[in-house]
Participant: 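Structure incoming, see below.
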Number of protein chains: 2
Amino acid sequence: MTKRNQWDRCDCKVIHEDVVNTVKEKMPPEETLYDLAELFKVFGDTTRVKILWALDKSEMCVCDLAVLLNMTQSAVSHQLRILRQARLVKYRKEGKIVYYSLDDEHVKQIFEQGLVHISERL
Amino acid sequence: MTKRNQWDRCDCKVIHEDVVNTVKEKMPPEETLYDLAELFKVFGDTTRVKILWALDKSEMCVCDLAVLLNMTQSAVSHQLRILRQARLVKYRKEGKIVYYSLDDEHVKQIFEQGLVHISERL
DNA sequence: ATAATATATGAATGATTATTCAAGTGTTCA
DNA sequence: TGAACACTTGAATAATCATTCATATATTAT
């Protein structure tokens with residue numbers, strides 16, 4: 001008596017086998033899809049979207065962003081670290097003040113594509 | 001003796017007041033930025049990225065996707081619900097089989113912009 | 001009607017994560 | 001030197017979320 005698992009119960013794997021295999025061949029490497037998801041995860045937070053949008057308008061220091069977003073400077077700093085690690089923002093120090101700015105010209109385009117999608121679902 | 005809060009300790013709000021105000025005026029409405037983040041949150045998961053990528057290549061049923069991604073049908077179905085709610089995929093029923101396909105021509109463009117960013121950080 | 005199949009879904013669980021709090025580093029100014 | 005400032009960071013907490021498991025619905029075949 002062979003034990004059945006979830007896969008054995010699906011006939012599609014036989015019926016659509018060639019479709020699945022063709023798609024499988026066309027899929028990018030696992031790592032690429034993972035990196036892509038990780039990048040979008042960074043965009044998937046209101047605070048970070050606000051920061052990126054603000055920095056697209058003007059270079060700003062951490063304190064400016066905290067005032068603008070009405071958040072603690074600590075919370076902003078934590079989010080800036082994530083944006084730094086994703087190489088979406090860069091910074092320059094001027095005395096004790098740290099000025100952040102965008103480090104990617106594609107951010108705006110990604111946002112715009114997202115906005116198109118949002119505006120279409122009315 | 002006036003109690004000081006976090007905002008009182010920051011001089012930037014005085015120094016950079018006009019910059020902050022100018023940026024504030026240029027910011028999109030709160031709701032737009034929230035929706036944008038919600039959309040990217042949907043893209044911010046490896047499973048969903050894989051599903052979207054696969055559906056861009058071919059219409060597929062839930063079982064096909066489960067086999068392709070080596071996941072349980074239940075897990076795939078849960079993620080498809082999220083993609084449906086975000087209006088990124090649509091479906092058609094054929095008997096007991098449900099075929100899913102992409103419902104947005106911008107998905108590919110958003111992915112491509114993301115890939116450009118990833119490929120540039122070497 | 002019953003069994004098998006394809007999919008959906010609610011509850012539970014474990015993992016991830018945004019924010020807060022407290023403490024730290026480094027710089028400027030008195 | 002020391003106090004104030006701008007910012008960073010680690011730990012704790014609370015909220016969110018992906019997956020699993022069990023069950024439910026709908027369709028087809030016997």
Side-chain angles (χ1 to χ4, degrees), chain A residues 4-16 20 33-34 37-38 40-51 59-86 89-100, chain B residues 4-16 20 33-34 37-38 40-51 59-86 89-100:
Chain A
R4 314 194 75 181
N5 63 32
Q6 44 163 322
W7 310 118
D8 294 320
R9 308 191 63 210
C10 177
D11 290 343
C12 292
K13 72 171 179 184
V14 179
I15 303 168
H16 304 140
V20 171
L33 297 173
Y34 176 82
E38 287 300 304
F40 287 124
K41 206 173 280 178
V42 175
F43 289 108
D45 176 83
T46 314
T47 299
R48 289 192 292 265
V49 166
K50 286 178 183 170
I51 291 175
E59 173 187 72
M60 292 178 103
C61 70
V62 180
C63 179
D64 288 341
L65 287 166
V67 172
L68 177 70
L69 306 182
N70 195 35
M71 291 177 64
T72 65
Q73 167 269 332
S74 178
V76 172
S77 186
H78 276 296
Q79 296 307 326
L80 283 170
R81 186 170 54 82
I82 293 172
L83 292 171
R84 251 187 286 129
Q85 287 171 344
V89 302
K90 62 187 176 212
Y91 65 94
R92 68 181 177 85
K93 284 192 73 172
E94 197 171 285
K96 58 186 171 184
I97 300 177
V98 179
Y99 290 97
Y100 279 86
Chain B
R4 316 193 74 182
N5 63 32
Q6 46 162 321
W7 310 118
D8 293 320
R9 308 191 64 211
C10 178
D11 290 343
C12 293
K13 73 171 177 185
V14 180
I15 302 169
H16 304 142
V20 171
L33 297 173
Y34 176 81
E38 287 301 304
F40 287 124
K41 204 173 282 178
V42 175
F43 288 109
D45 177 82
T46 314
T47 299
R48 290 192 291 265
V49 167
K50 286 177 184 170
I51 291 174
E59 174 187 69
M60 291 177 104
C61 70
V62 180
C63 179
D64 288 341
L65 287 166
V67 172
L68 177 69
L69 306 182
N70 195 35
M71 290 178 65
T72 65
Q73 166 271 327
S74 177
V76 171
S77 186
H78 275 296
Q79 296 308 324
L80 283 170
R81 186 171 52 83
I82 293 171
L83 292 170
R84 251 186 286 129
Q85 288 171 344
V89 302
K90 63 188 177 210
Y91 64 93
R92 68 181 177 86
K93 284 193 74 174
E94 197 171 285
K96 58 187 170 184
I97 299 177
V98 180
Y99 289 97
Y100 279 87

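Values below: all heavy atoms of this structure, side chains included; hydrogens, waters and symmetry mates excluded. Reminder, nothing fancy here: chain letters follow the sequence lines and each chain counts from 1.
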Participant: Any side-chain heavy atom of B:V98 sitting closer than 4.5 Å to one from B:L80?
Facilitator: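 No; the side chains remain at least 4.5 Å from each other.
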Participant: Round to the nearest Å and state the distance from A:D45 atom CG to D:dA15 atom P.
Facilitator: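 These atoms are roughly 16 Å apart.
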Participant: Roughly, in whole Å, what's the span from CD in B:Q85 to P in D:dA18?
Facilitator: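 Nearest whole value for this atom pair: 11 Å.
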Participant: Look at the side chain of A:R48 and the backbone N and O of B:A37, then say whether any donor-acceptor pair between them is shorter than 3.5 Å.
Facilitator: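 Looks like no, no N/O pair under 3.5 Å.
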Participant: Measure from CD on B:Q79 to C1' on C:dA8 and round the result to the nearest Å.
Facilitator: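 Those two atoms, CD and C1', are 14 Å apart.
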Participant: Measure from the side-chain heavy atoms of A:C63 and tell me the nearest of D:dT9, C:dT7, D:dC7.
Facilitator: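 Side chain of A:C63 sits closest to D:dC7.
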Participant: Output the rounded distance in Å from CG (B:L65) to P (C:dA6).
Facilitator: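 So the CG-P distance, B:L65 to C:dA6, works out to 14 Å.
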Participant: Whole angstrom is fine here: how far is it from CD1 in A:I97 over to C1' in C:dT28?
Facilitator: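 Going from A:I97 (CD1) to C:dT28 (C1'), I get 10 Å.
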Participant: Can you confirm whether B:L65 sits close enough to B:M71 that some side-chain heavy atom of one is under 4.5 Å from a side-chain heavy atom of the other?
Facilitator: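 No, side chains not in contact.
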Participant: Nearest-Å distance, CZ (B:R84) to C1' (C:dA8)?
Facilitator: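 Taking CZ of B:R84 and C1' of C:dA8, I get 8 Å after rounding.
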Participant: To the nearest 0.5 angstrom, please state how far the CG atom of B:L69 sits from the CG atom of B:D64.
Facilitator: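 Interatomic distance, B:L69 CG to B:D64 CG, rounded to 0.5 Å: 10.5 Å.
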Participant: How would you label the contact of B:I82 with the nucleic acid (heavy atoms, under 4.0 Å): base, sugar-phosphate, or nothing?
Facilitator: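 Since only primed, P, OP1 and OP2 atoms lie under 4.0 Å of B:I82, the category is sugar-phosphate.
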Participant: Counting side-chain heavy atoms from C-beta on, which of C:dT9, D:dA18, C:dT7 comes nearest to B:R81?
Facilitator: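 In terms of side-chain proximity for B:R81, the closest of C:dT9, D:dA18, C:dT7 is C:dT9.
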Participant: Please classify the nucleic acid contact of A:Y91 as base, sugar-phosphate, or nothing, using heavy-atom distances under 4.0 Å.
Facilitator: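 Contact class for A:Y91: none.
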Participant: With sequence neighbours excluded, tell me which residues meet side-chain contact (heavy atoms from CB on, under 4.5 Å) with B:K90.
Facilitator: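 So B:K90 forms a side-chain contact (heavy atoms from CB on, under 4.5 Å) with B:S101, B:D103.
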Participant: Figure out the CG/P separation between B:L83 and C:dT9, and round it to whole Å.
Facilitator: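 So the CG-P distance, B:L83 to C:dT9, works out to 14 Å.
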Participant: Around atom OH of A:Y91, are there more than 12 heavy atoms from other residues, nucleotides or ligands closer than 6.0 Å?
Facilitator: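 It does not: A:Y91 OH has 12 such atoms or fewer within range.
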Participant: Can you figure out which of C:dT7, D:dA18, C:dA18 approaches the side chain of B:C61 most closely?
Facilitator: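 The nucleotide sitting nearest to the side chain is C:dT7.
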Participant: By side-chain hydrogen bond (donor to acceptor under 3.5 Å, both in side chains), which residues pair with A:R84, not counting sequence neighbours?
Facilitator: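 Per chain and number, A:R84 pairs via side-chain hydrogen bond (donor to acceptor under 3.5 Å, both in side chains) with A:Y100.
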Participant: When you check every protein heavy atom under 4.0 Å of nucleotides 21-30 of chain D, what one-letter string (B, S, -) results, 5' to 3'?
Facilitator: BB---SSS--
Participant: Please report the distance, rounded to the nearest Å, between CZ in B:R48 and P in D:dT16.
Facilitator: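 It works out to 15 Å between those atoms.
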